[in-house]
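Both ligands and their constituent atoms are indexed starting at 1 by order of listing. Worth saying up front: this structure is predicted, and the values here are computed from it rather than measured.
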Amino acid sequence: MRPTVAPFPATRLRRNRRSAQLRGLVRETSLSVDDLIWPVFLMEGTNQSYDIPSMPGVQRLTIDRVVVAAKDAAALGIPAICLFPFIEQSVKTEDCAGAWDPDNLSNRATKAIRDAGIEIAVMTDIALDPYNINGHDGYVVDGEIVNDRTVDALVRMALAQAAAGADILGPSDMMDGRIGAMRQALEAEGYQNVSIMSYSAKYASAFYGPFRDAVGASGALKGDKNTYQMDPFNADEALRCVERDLAEGADMVMVKPGMPYLDIARAVKDTFRVPTYAYQVSGEYAMLTAAAQNGWLDGDKVMMESLAGFKRAGLDGILTYFAPRAARILNG
Ligand code: PBG
């Protein structure tokens with residue numbers, strides 16, 4: 001039972017804030033490197049990197065460099081890395097066949113990290129957009145993003161990623177029925193131990209802008225993603241999405257973007273009590289980093305404060321481009 005509030009001066013709430021030690025004793029949540037998943041961008045070639053203009057400090061890396069980055073991340077204690085391929089315009093097609101090519105950039109990178117024996121979980125992205133000539137996550141037929149045919153393609157993509165050695169599959173496409181279809185196929189093909197972290201509550205957000213530059217999808221994208229990603233004004237619908245994905249076999253669920261959607265994160269965690277993550281997306285990284293570069297904000301402090309917000313909202317972890325920088329601070 002909560003005691004009735006005693007009048008001042010009994011309730012001097014500042015007593016518990018007097019020193020770092022007392023603040024430590026009463027701290028309600030904590031952030032650790034175990035909470036971090038690091039999204040990285042891949043590109044073709046060897047021993048090269050490319051600075052992404054709208055994400056200062058973030059680069060596309062060739063596979064050999066991603067292996068080194070994964071090794072460094074593992075040494076920092078980061079539990080997982082998440083791969084996103086930059087696909088050249090010339091490789092994008094209408095049928096998106098590159099998406100399930102066992103030797104596509106993403107699958108080669110997964111294998112390379114596995115073959116190097118690095119102790120880090122590899123997460124991959126399932127959606128057609130990097131491979132799609134029109135930049136959408138699904139097939140476009142007569143101007144419409146078709147659901148069921150897209151799900152068939154996503155299942156092939158999932159199986160190729162599982163075969164390459166991915167630990168966690170991340171369907172970010174927002175098609176209906178994809179989790180169930182993938183789970184069934186994984187079971188049937190002998191990949192019972194591959195996890196699915198569903199992008200369950202993924203909103204149609206303008207905060208993805210820099211990411212689309214990073215994976216080369218901005219130029220290609222015709223129109224918007226409003227017919228499959230969620231309306232930012234909705235909250236109850238997010239719970240329906242999560243409930244459905246859990247029923248279909250998701251092991252973990254995600255809310256995306258992060259900072260503007262902490263109410264959703266809290267609601268999902270409170271309602272389902274399952275492993276729940278947020279994606280602090282490219283636009284969130286870009287705005288914090290840009291302000292810090294201008295000297296308007298203290299970059300390290302706002303980074304750690306933003307990550308604290310995710311933990312306070314009840315989340316189990318955060319996909320964030322800040323992962324290595326935050327890990328270095330957390331490791332002292
Ligand atoms: C594509 C995908 C997107 C992100 C992850 N996977 C962008 C989109 O849906 O357009 C966004 C990540 C970020 O902004 O950091 N399926």
Side-chain angles (χ1 to χ4, degrees), residues 36-42 52-60 80-87 92 96 98-99 104-106 123-140 145 147 150-151 153-154 157-158 161 166 168-175 178-179 182 196-232 241 253-261 277-290 303 306 310 318-323:
L36 305 173
I37 299 175
W38 185 29
V40 296
F41 298 109
L42 308 168
I52 297 155
S54 48
M55 300 179 76
V58 175
Q59 303 167 316
R60 295 178 195 139
I81 193 167
C82 183
L83 308 178
F84 292 100
F86 168 81
I87 303 296
K92 296 174 197 276
C96 307
N104 70 19
L105 182 56
S106 174
M123 175 168 167
T124 48
D125 186 63
I126 300 178
L128 299 182
D129 52 330
Y131 308 93
N132 206 343
I133 192 100
N134 50 56
H136 277 289
D137 293 18
Y139 288 124
V140 182
I145 287 79
N147 195 89
T150 298
V151 170
L154 297 171
M157 195 174 179
Q161 293 177 353
I168 306 169
L169 307 182
S172 69
D173 53 281
M174 287 297 277
M175 296 299 122
R178 84 256 209 235
I179 304 299
M182 279 172 206
I196 298 177
M197 182 188 293
S198 180
Y199 288 61
S200 295
K202 178 171 177 179
Y203 287 84
S205 172
F207 284 100
Y208 307 150
F211 173 96
R212 292 178 191 168
D213 295 340
V215 298
S218 308
L221 183 61
K222 294 185 182 72
D224 56 48
K225 301 192 176 183
N226 296 347
T227 67
Y228 46 107
Q229 298 179 348
M230 280 183 58
D231 181 343
C241 289
V253 296
M254 190 204 296
V255 174
K256 179 184 177 191
M259 289 165 3
Y261 295 87
Y277 301 78
Y279 197 141
Q280 184 176 45
V281 300
S282 56
E284 302 176 65
Y285 176 89
M287 67 183 181
L288 295 180
T289 306
M303 168 179 75
S306 66
F310 293 113
I318 310 112
L319 288 93
T320 176
Y321 301 96
F322 288 123

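For atom 4 (C) of ligand 1, the nearest protein heavy atom (residue, atom name, distance) is Lys256 NZ, 2.5 Å. Scanning the protein for heavy atoms near atom 16 (N) of ligand 1, the closest one is Ser172 OG, 2.8 Å. Nearest protein heavy-atom neighbour of atom 8 (C) of ligand 1: Lys225 NZ, 3.3 Å.
Only the side chain of Asp129 comes within 4.0 Å of ligand 1, counting heavy atoms alone; its backbone N, CA, C and O stay farther away. Contacts between Asp173 and ligand 1 below 4.0 angstrom, taking non-hydrogen atoms only, are absent altogether. Only the side chain of Tyr279 comes within contact range of ligand 1, with a heavy atom under 4.0 Å; no backbone atom does. Both the backbone and the side chain of Ser282 come within 4.0 Å of ligand 1, judged by heavy-atom distances.
Residue Ala127 approaches ligand 1 through these ligand atoms, each under 4.0 Å from one of its heavy atoms: 16 (N).
At least one heavy atom of Tyr321 sits closer than 4.0 Å to an atom of ligand 1.
For the residues Gln280, Lys202, His136, the heavy atom positioned nearest atom 9 (O) of ligand 1 is part of Lys202. Comparing Tyr199, Phe211, Phe84 by heavy-atom distance to atom 13 (C) of ligand 1, the nearest is Phe211.
At a threshold of 4.5 Å between non-hydrogen side-chain atoms, the residues His136 and Thr150 do not count as touching.
The aromatic rings of Tyr321 and Tyr285 lie perpendicular to each other, with more than 60° between the two planes, well past the 30° mark.
Ser306 and Glu284 share no side-chain donor-acceptor pair at under 3.5 Å.
Relative to the six-membered ring of Tyr208, Lys256 meets both conditions, a distance below 6.0 Å and an angle of at most 45° to the axis.
Heavy atoms from other residues, nucleotides or ligands lying under 6.0 Å from CZ of Phe211 number more than 12.
Looking at residues two or more places apart in sequence or on another chain, you find a side chain to side chain contact (heavy atoms under 4.5 Å, CB included) between Phe86 and Arg60, Glu88. Residues passing the ring pair (Phe, Tyr, Trp, His ring centres under 6.0 Å) test with Tyr199, sequence neighbours excluded: none.
Remark: side-chain polar atoms of Ser282 are paired, donor with acceptor, to backbone N or O of Phe207 under 3.5 angstrom.
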